[in-house]
Amino acid sequence: CEFPVCTMRAPMPSVLVVDDEAFMREGIGMIFSQNGFDQVLCAEDGDDALSILQSERIDGLVLDIKMPRMSGIELLEAIRDQNLHMPITYILSSYDDFSYAQAAIPFGVSEYILKPLVPERAVEFCKKMLVAIEEHQKSENDKKVFEQSVKEREWAYRQGDIQRLLDGNDAQEAETILRRHGFFSFH
């Protein structure tokens with residue numbers, strides 16, 4: 001399933017709903033499309049989901065733990081093994097078995113939600129995922145701004161050292177500056 005994209009507002013996050021039960025996929029997909037997600041994609045198993053994740057950057061993943069062909073845990077392993085972007089992930093399960101939740105922990109799964117899922121609960125975790133994605137995106141943006149700032153300061157620092165090299169006649173200072181920046185040393 002794919003739900004229509006609203007182009008009237010700023011782009012919002014995307015989510016991939018993976019469940020082998022069509023009514024779950026479509027119901028959860030509709031709730032997400034009505035609550036702040038511009039792009040809602042669906043897959044019926046881990047294999048189909050992996051194909052989507054290999055070609056699209058998805059922000060959120062709602063994942064059934066037990067499916068034919070490739071389970072939810074196997075999908076998470078494949079995402080990790082292929083160095084794909086790991087979305088904010090919520091697990092859905094009909095199994096109230098702690099071992100399933102434990103298996104999901106190493107992959108940074110944010111929530112483990114038991115079925116059956118009532119619409120009010122689905123809206124609640126949809127909104128919770130939206131906040132988590134926005135926080136993650138802000139953190140990623142802050143990290144990029146910081147890295148750019150470090151690069152700019154490093155450049156300014158190097159520029160100052162280059163100017164001192166050009167202005168000075170001190171071989172010892174020149175050697176110190178060149179070593180600091182990984183160049184050869186004079187002997």
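Please read all numbers here as calculations on a predicted model, not as lab measurements. Counting begins at 1 with the first residue of the sequence.
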When rounded to the nearest 0.5 angstrom, what is the spacing between CD1 in I91 and CD1 in I65? 4.0 Å
Within this structure, what is the CD-CE distance for the pair E26 and M30, rounded to the nearest 0.5 Å? 7.5 Å
Carefully, step by step, assess V18 and E44 under the rule side-chain contact (heavy atoms from CB on, under 4.5 Å). CA-CA 6 Å; V18 188; E44 68 180 71; over 6 Å; no
Between Y112 (side chain) and L92 (backbone), is there a donor-acceptor pair under 3.5 Å? no
Using side-chain heavy atoms (C-beta onward) and a distance below 4.5 Å, is I28 in contact with C42? no
For residues V123 and M24: do they belong to one hydrophobic cluster (side chain heavy atoms under 4.5 Å, members Ile, Leu, Val, Met, Phe, Trp, Tyr)? no
A43 and A49 have their tightest heavy-atom pair at CB-N, 3.6 Å
Heavy atoms of R80 and M86 approach each other most closely as N-CE, 4.3 Å
Over all atoms of both residues, closest heavy-atom pair of Q54 and L84: CG-CD1, 3.9 Å
Do R69 and D47 make a side-chain contact, defined as non-hydrogen atoms from C-beta onward lying under 4.5 Å apart? yes
For the CD atom of E77 and the CE atom of M70, what is their distance to the nearest 0.5 Å? 9.5 Å
Gap separating the CD1 atom of I113 from the OH atom of Y90, nearest 0.5 angstrom: 6.5 Å
V131-I31 co-clustered via ILVMFWY side chain contacts under 4.5 Å: no
Taking the six-membered ring for Trp, are F32 and F125 ring centroids under 6.0 Å apart? yes
E74 versus S71, closest heavy-atom pair with distance: OE1-N, 2.7 Å
pair M129-V62: side-chain heavy atoms closer than 4.5 Å: yes
For the side-chain contact (heavy atoms from CB on, under 4.5 Å) test, which of I79, T89, I73 pairs with F107? I73
Nearest 0.5 Å please: distance from the CD1 atom of I133 over to the CG atom of L130. 6.5 Å
Whether the side chain of E124 engages the backbone of R121 through a donor-acceptor N/O pair (distance < 3.5 Å, no angle test) should be reported. no
Evaluate D20 against D45 for side-chain contact (heavy atoms from CB on, under 4.5 Å), listing each step before the verdict. CA-CA 6 Å; D20 56 325; D45 61 40; 5.7 Å; no
Which atom of D19 lies closest to which atom of R25, heavy atoms considered: O-NH1, 2.6 Å
Could you tell me whether a side-chain N or O of H136 sits under 3.5 Å from a main-chain N or O of I88, the two making a donor and an acceptor? no
Heavy-atom side-chain contact between D59 and Q137 under 4.5 Å: yes
Do V15 and L61 come within less than 4.5 Å of each other through their side chains, counting heavy atoms only? no
Pairwise side-chain contact, D64 with K115, heavy-atom cut-off 4.5 Å (strictly under): yes
Hey, is CG on N141 packed in by over 12 heavy atoms from elsewhere, all under 6.0 Å? yes
Within a strict 4.5 Å, meaning less than it, do heavy atoms of the V109 and L76 side chains meet? yes
Under 4.5 Å between any side-chain heavy atoms of V40 and S14, yes or no? no
Give, for atom CD of Q39 and atom OG of S33, the distance between the pair rounded to the nearest 0.5 Å. 12.0 Å
